[in-house]
Amino acid sequence: MDKLVIEGGVPLHGPIRVSGSKNAALPILLACILPQGQVNLTNVPRLRDIHTTLKLLDILGCETSFDGNNVTSTVCDLKVEAPYDLVKTMRASVLCLGPLLALKGEAKVALPGGCAIGARPVDLHLTAFEQMGATFDLDSGYIHGRCDKLKGAHIHFDFPTVGGTENVLMAASIAEGDSIIENAAREPEVVDLANFLNACGAKITGHGTSLIKVEGVSSLHGCDYKIMPDRIEAGTYMVAAAMTDGDLLIEDCPFLELDSVVYKLEQMGVFMQEEEGGVRVRRKNGNLIGVDITTQPFPGFPTDMQAQLMTLMCLADGAGTIEEKIFENRFMHVQELMRMGADIKLKGRTAMVRGVERLTGAPVMASDLRASASLVVAGLAASGRTDVQRIYHLDRGYEKLEDKLSAVGARIWREKE
Ligand code: EPZ
C-alpha cells in the first residue's frame, strides 16, 4: 500500500487546476448504458473510482475507451448483473439499477453494504422503483429487480438523496409516461447528470430545484459532453491555501456551486475573489476565526467538505462546532487530527474544535476519501513530517494530488508503506 509523506510548513503559491468532478462523472458514465449510439465524454478525471466504473460498464456489455481525459462508450450486448466483488469497492455501482431496469426490465446488483462513514442504505432508491412498477427480491446479498416496462410515477423522497435522485432520473428518462420527483436532491452533480441526459434527448426540467419533471421518451441517442469541474476538489484547495497561509489561483473553479463553503471560509477570515483564469484564495489578514457549521443537503454546507473545514478550524482563534447531519459516522479524521495536536471534543454527531497554535507532523491513517484529504491538508501546515497511510482512499477521488500540490510548493511525495 502507498503512503503520502509531507514535510509541512510551506505556504502554497501559484495556479492549481481542478479536474472533472468524480461525483458527476460516476452517474454520467453509468447513464451511458442508456443511449443508442456513441457517447464522447471530456474532462473525465483519472481516478480509481472512474476505472472501477469503466470495469463495471465493460462487465455490463458496454465498449469503452479512456485516454486519461476522454471517454467513449457504446452499448453492445447489455448484461444485467453487477457483481459483488466490484460493487463492494464502490457503492456508486448501485446507480446501474435505474438504467438496467428501464432498458432490460431486469437488474441484479450486489447490495453495496456500508462503508466507513455509514450504513448507506438504498431503501429510497428501491421504493421509488417499486412505484414505477419494479419488484425486488433480496437473494444472497444481491438486489434482483424485475419489471415489464417501467412507468412514470409521482415520487416523493423522504430525504433528498443524491444517488436516489440520480437513479430515478436515469430510469424515468425512458420510462413510459411522465414522472415527478419531489424533494429531489439539488446537488450540482445531479444537475450535470440531467444536462447530460437532456443532451442525449431526454426531457427533464426543474433539475437543480427540489421538484423535477421528466417526460419519458422512447429512446436516447449518443452525444458529446464535458463533465463539470469538481467543487469538492476546488474547496479542498481553498482550505489548503488558507491552512498554509499561502496564495493560490484555483483554475476551472466552480465558484457558484461552492457558495455555502465560500460563505463559511469568508466568515473564518479567508479572502476569495474571481479573477481572470480562476479564483484567488488567501487569508485576509493572517488570523483565522472559528465558526459553527452544520452539514446539509445542497445548497447547505456539503458533508464532503466537513473534514477539510474541521482541519482549518484547528488553527483558528477561538472555538467552533461542526454538526454532521448527513452521515452517522463521518468523524474518523478526528482521532488522527488529535494525534497532530488538534483540540477536538466529540459529542454524538457534533465536534467542538478549539484552535491551537500549530499542528505537528505525525504518522496518521486515512479511513475514507475526504478524511484522507483533510489529513493531507493538515500535514501541509503542520511543522515536521506527516505520513498519511492507506492513501488508496485518497486515490478514489483526487487526481494526481501530490503532483498538483508539489507544483505550488508543497514538499510531498508518495512512498510504499
Ligand atoms: C453522494 O452519496 C456522494 N457520492 C457522496 O460523496 C456525498 O457525500 C453524498 O452524496 C451526500 O452529498 C457520489 O455522488 C458518488 P445520499 P449518496 O443518497 O448518493 C441516506 C464523496 O466523498 N440514504 O444523498 O450515497 C444515507 O444513508 C462521497 O465523494 C438513505 O437512508 O448520498 C445518507 O445518510 C461520500 N436511504 C444520506 O441519506 C437511501 O436510499 C445521504 O445519502 C439513500 C440514502
Side-chain angles (χ1 to χ4, degrees), residues 19-31 45 47-50 52-53 56 87 89-98 109 111-131 136 143 155-170 181 183-193 210 227-228 230-236 257-258 260-261 294-308 323-330 332-333 349 366-374 393-399:
S19 299
S21 163
K22 166 180 88 80
N23 289 351
L26 298 184
I28 288 173
L29 279 168
L30 289 166
L47 302 169
R48 273 184 62 220
D49 277 7
I50 297 295
T52 305
T53 306
L56 175 57
V87 173
T89 66
M90 189 187 69
R91 296 181 33 73
S93 312
V94 77
L95 293 176
C96 70
L97 258 181
V109 180
L111 252 181
C115 71
I117 63 178
R120 314 288 297 271
V122 292
D123 54 312
L124 301 176
H125 301 229
L126 304 184
T127 308
F129 289 133
E130 284 167 345
Q131 278 186 259
F136 293 95
I143 314 166
I155 311 284
H156 184 283
F157 282 124
D158 292 346
F159 177 87
T161 158
V162 171
T165 303
E166 291 167 341
N167 234 337
V168 169
L169 263 183
M170 290 187 277
I181 308 174
N183 200 22
R186 299 171 54 186
E187 271 69 5
E189 295 75 24
V190 174
V191 174
D192 216 29
L193 170 65
S210 49
I227 303 292
M228 69 172 279
D230 194 310
R231 64 188 168 109
I232 304 301
E233 182 189 3
T236 306
E257 288 83 354
L258 275 167
S260 58
V261 176
T294 300
T295 62
Q296 301 278 357
F298 193 88
F301 188 90
T303 174
D304 292 350
M305 280 298 300
Q306 179 256 105
Q308 298 91 314
E323 189 185 8
E324 173 52 64
K325 291 187 77 169
I326 304 295
F327 290 108
E328 62 268 31
N329 186 33
R330 203 167 197 177
M332 313 272 272
H333 43 287
R349 289 171 72 162
S367 53
D368 62 270
L369 170 54
R370 306 307 171 179
S372 329
S374 73
H393 292 291
L394 193 80
D395 294 337
R396 298 188 55 172
Y398 289 85
E399 181 179 12

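When a ligand or atom number is given, it counts from 1 through the structure's own listing order. It should be emphasised that the depicted structure is a prediction, and the values quoted were computed from it without experimental measurement.
- For ligand 1, the atoms lying closer than 4.0 Å to a non-hydrogen atom of Arg370 are 21 (C), 22 (O), 29 (O).
- Heavy-atom proximity to Leu369, at under 4.0 Å, picks out these atoms of ligand 1: 22 (O), 29 (O).
- Val162 is not listed as a side-chain neighbour of Glu189, based on a closest heavy-atom distance of 4.5 Å or more.
- Close approach of ligand 1 to Gly163 (heavy-atom distance below 4.0 Å) involves ligand atoms 18 (O), 19 (O).
- With a 4.5 Å cut-off on side-chain heavy atoms, Ser210 and Arg186 count as touching.
- For Pro27, the side-chain contact (heavy atoms from CB on, under 4.5 Å) test picks out Leu95, Glu166, Leu193, with sequence neighbours left out.
- The side-chain heavy atoms of Gln306 and His333, taken from C-beta on, include a pair separated by under 4.5 Å.
- Between atom 39 (C) of ligand 1 and the options Pro121, Ser93, Ala128, the minimum heavy-atom separation is to Pro121.
- At least one side-chain heavy atom of Met305 sits less than 4.5 Å from a side-chain heavy atom of Ile232.
- Checking each of Ile181, Thr127, Asn183 against His156 for a side-chain contact (heavy atoms from CB on, under 4.5 Å) leaves exactly one that passes, namely Asn183.
- Between Ile326 and ligand 1, at least one N/O pair is under 3.5 Å apart.
- Atom 37 (C) of ligand 1 is flagged as protein-proximal [any protein heavy atom, distance under 4.0 Å].
- Contacts with ligand 1 closer than 4.0 Å are made by no heavy atom of Phe298, backbone or side chain.
- Using a 4.5 Å cut-off on side-chain heavy atoms (C-beta onward), Gln308 and Val261 make no contact.
- Taking a cut-off of under 4.0 Å to the non-hydrogen atoms of Arg330, the atoms of ligand 1 that pass are 8 (O), 22 (O), 35 (C).
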Output side-chain donor-acceptor pairs under 3.5 Å for residues 294-303, partner residues at least two apart or in another chain, one line each.
from: Thr294; atom 1: OG1; to: Glu323; atom 2: OE1; distance (Å): 3.4
from: Thr295; atom 1: OG1; to: Glu324; atom 2: OE2; distance (Å): 3.1
from: Thr295; atom 1: OG1; to: Lys325; atom 2: N; distance (Å): 2.8
from: Thr303; atom 1: OG1; to: Glu324; atom 2: OE1; distance (Å): 2.9
from: Thr303; atom 1: OG1; to: Glu324; atom 2: OE2; distance (Å): 3.2
from: Thr303; atom 1: OG1; to: Arg330; atom 2: NH1; distance (Å): 2.8

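- For atom 24 (O) of ligand 1, the closest heavy atom belonging to the protein is Val162 N, 2.8 Å.
- Considering only non-hydrogen protein atoms, atom 2 (O) of ligand 1 sits nearest to Arg120 NH2, 3.5 Å.
- There is a side-chain donor-acceptor pair under 3.5 Å between Thr236 and Tyr398.
- Close approach of ligand 1 to Thr303 (heavy-atom distance below 4.0 Å) involves ligand atoms 8 (O), 11 (C).
- The single protein non-hydrogen atom nearest to atom 18 (O) of ligand 1 is Thr161 OG1, 2.7 Å, given as residue, atom name and distance.
- For atom 9 (C) of ligand 1, the closest non-hydrogen atom of the protein is Phe327 CZ, 4.0 Å.
- Taking a cut-off of under 4.0 Å to the non-hydrogen atoms of His125, the atoms of ligand 1 that pass are 40 (O).
- You'll find the side chain of Asp395 stays beyond 4.5 Å of the side chain of Leu47, heavy atoms only.
- For atom 5 (C) of ligand 1, the nearest non-hydrogen atom of the protein is Asp304 OD2, 3.8 Å.
- Close N/O approach between Asn23 and ligand 1 is found [any backbone or side-chain N/O within under 3.5 Å].
- Close to ligand 1: Lys22, with a non-hydrogen atom less than 4.0 angstrom away.
- In terms of modelled atom types and a separation under 3.5 Å, the side chain of Ser372 and the main chain of His393 share no donor-acceptor contact.
- Looking at heavy atoms from C-beta onward, Leu56 lies in side-chain contact with Leu30 at the 4.5 angstrom threshold.
- Close N/O approach between Leu124 and ligand 1 is found [any backbone or side-chain N/O within under 3.5 Å].
- The N/O atoms of Glu328, backbone and side chain alike, include none that comes under 3.5 Å of an N/O atom in ligand 1.
- Looking only at side-chain heavy atoms (C-beta outward), Val122 and Leu111 come within less than 4.5 Å of each other.
- Residue Gln306 does not touch ligand 1, judged by heavy-atom distances below 4.0 Å.
- In summary, the atoms of ligand 1 found under 4.0 Å from a heavy atom of Val122, numbered by their order in the structure, are 39 (C), 40 (O).
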